[in-house]
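Let me begin by presenting the structure, written as structure tokens, before commenting on it.
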Amino acid sequence: MPVALKMSSVYAPTLKEDPSEAEVASHRLLLRAGMIRKVAAGIYTFLPLAWRSIRKIEQIVREEMDAIGSQEMLMPIVQPAELWEQSGRWELYGPELARLKDRAGRDFCLGPTHEEIITDAVRGEVRSYRDLPLSLYQINMKFRDEARPRFGLLRGREFIMKDAYSFHADETSLQEHYDDMAQAYGRICDRLGLAWRPVVAESGQIGGKVTTEFMALAESGEAALVYCDCGYAANVEAAETVVPRTPSVTEPRAIERVHTPDIRTIAELATFLAIAEHDTVKTMAGKTPEGRLVFLCVPGDRELNPIKAEWAVPGLELLDEEDFESFGIPKGSLGPVAPPAGTLVVADVSLKRDVSWGIGANENDYHFIGAMPARDFAVELWADLVLAQPGDGCPTCGGTLKGTRGIEVSQVFQLGTRYSETMGATFADEAGVEQPFQMGCYGVGVTRSLAAVIEQYSDENGIAWPVSVAPLEVAVLPLTVGDEMVAPVTERIWRACATAGIEVVIDDRDERAGVKFADADLIGWPYQILVGNKGVAEGTVEVKTRGTGERTSVAIVDAARHVAALVGAERARLTR
Ligand code: ATP
Ligand code: MG
């Protein structure tokens, strides 16, 4: 079916001014181009042009899933609490899980992800190793009551995700499908035209260990990444790091207790003690699930990575105000010297060789300088605790890490038996023994991908879509309204484009050329055919490429063919 639309009947209420609530390009431009409207915080209506683009993204995702043998299905958004109780996540999932009751008072939630439902759909039905592996996916709305919905479609509360789940008899089979998924995810990013990078990631709420995130590179991205020329790349949340340290003091000195009134920050402390910031040591406090106090020491000029701290001390929770009171410790002046009895002292490995720590004295307004491990205090556990940053050493090759930012558009996980065990989903193996499924789960943020594309494909005038995601590929703009020559030429080119299999819109509105130019660039039609009376008199039109701004004069008779060739080349480049 040829797609030939008229701008006069396309519902795309464009805005002249930048909406004040939008902080990032994609949010601003989706609103301005009349593609989305906000309904509530993090909840949007997708207007026709956005929906066209979303369907294209979905189709790309669908083709790539089908190509690796995953089967499409659809699961409910409203999910009964019982299933979440079986997996244990009714308790574990925080306030992001939107819970509700039906009229009979039964508990439900709005699905933020579908591990429980899919595990339930498969258990008891898939009984033998002969039926494995099995891979299923859906494209559906998700709801997460995000603490800070923002940046438009980048972090919504209601958003579209493609989520796939796979079931395997053993880890080898899981690894194979995981690799296929990762390949497919790379192809999806390529077909969307994204500049992207796979990174080592943290597995978060979902559980499991082996995981990769696919990051669309963008300054506006919420994820800080580090990468190395050797190919190592990680979300700083998960990045191992080699902290380069050259302590200024290399000889042990006597420990000295110093009165440090009104010192609040590490910078103030360093100035006061006349030592470098990196010679100070910060101590953060947490507690184990059993309630044991934990001190976490990191170099004063570095940040603790709470995720790594939890890797070092499973179940660790950082203290809140109340905890500080009940442990009776001073928040601003903690240190490993003479901590409360029973404290577990953990320190970042980079501090191991430091012989002179400037550190809190566990008493308000007092610090120690010259504190030396082993001599003055004991460290029970040395661990990698620090948030990685550019300039650190690469954990794989020892090179220097660089920094960039990214938008997580998708992620693949190996769940192992996290859900099959808790939910009793088993199959009979070759020996007839019941085994829990090895599972994987794989998510693509469809609406987030749309926004990520705009973050990479936009300029001060608007969006500059890659052909694969553009709501339509070509626009024909008659620049003089009511001109006897221009109108029929524009119409003819419009029809010829449709016949050539291009998605085309004609801007038939009774508007000035300036308005049409501005809207065409704002909405971002990849190719624009500009039809003016002067050109028509000479038998030519101009073809403009939105991305580069390049304009070429083309004979009227060749216009559709010319544009079809351009579109065709882009389609081919963006296909696998
Ligand atoms: P984030 O760390 O950004 O909160 P996540 O890791 O919790 O995301 P996943 O559970 O991995 O998200 O979900 C799979 C995909 O769904 C993500 O890679 C992302 O593209 C998309 N997604 C997740 N949360 C949102 C959201 N609030 N708004 C839009 N898309 C989202
Ligand atoms: Mg994720």
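Atom set for the values below is all heavy atoms of this structure, side chains included, hydrogens, waters and symmetry mates excluded. Whatever order the structure lists ligands and atoms in, that order sets their numbers, starting from 1.
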Inset, instruction - Hey, can you tell me if His177 and Tyr442 have their rings parallel, tilted or perpendicular (30° and 60° cut-offs)? - result: perpendicular
Inset, instruction - Check each atom of ligand 1 against the heavy atoms of Met161 and keep those under 4.0 Å away; list them by number with element. - result: 13 (O), 14 (C), 16 (O)
Inset, instruction - Give the contacting part of Leu154 toward ligand 1: side chain, backbone, both or neither, where contact means a heavy-atom distance below 4.0 Å. - result: backbone
Inset, instruction - Look at ligand 1 and say whether Val409 reaches it with a heavy atom at a distance under 4.0 Å. - result: yes
Legend entry - Per-atom contacts of ligand 1 with Leu153, taking only distances under 4.0 Å to non-hydrogen atoms: 29 (C)
Inset, instruction - Mind checking whether Arg144 contacts ligand 1 via backbone (N, CA, C, O), side chain (CB onward), both or neither, at a 4.0 Å heavy-atom cut-off? - result: side chain
Inset, instruction - Output every pair passing side chain to side chain donor-acceptor pair (under 3.5 Å) with a member in residues 305-318, not counting sequence neighbours, ordered by first then second residue. - result: Lys308-Asp384
Legend entry - Where ligand 1 meets Glu146 - atom numbers and elements under 4.0 angstrom, heavy-atom basis: 24 (N), 26 (C), 27 (N)
Inset, instruction - Could you tell me which residues satisfy ring pair (Phe, Tyr, Trp, His ring centres under 6.0 Å) with Tyr527, sequence neighbours excluded, listed by chain and number? - result: none
Inset, instruction - For Gly156, counting its heavy atoms only, list the atoms of ligand 1 lying under 4.0 Å from any of them. - result: 26 (C), 27 (N), 28 (N), 29 (C)
Legend entry - For ligand 1, the portion of Arg155 having any non-hydrogen atom under 4.0 Å away: both
Inset, instruction - Hey, could you give me each pair passing side chain to side chain donor-acceptor pair (under 3.5 Å) that has a residue in residues 35-48? Not counting sequence neighbours. - result: His27-Tyr44
Legend entry - Glu222 and Arg150 ion-paired at < 4.0 Å: yes
Legend entry - Side chain, backbone, both or neither: Glu408 near ligand 1, heavy atoms under 4.0 Å: both
Legend entry - Residue and atom names of protein N/O/S atoms that fall under 2.8 Å from the Mg ion (ligand 2): Glu408 OE2, Gln411 OE1
Legend entry - Lys/Arg N to Asp/Glu carboxylate O, Arg106 vs Glu82, below 4.0 Å: no
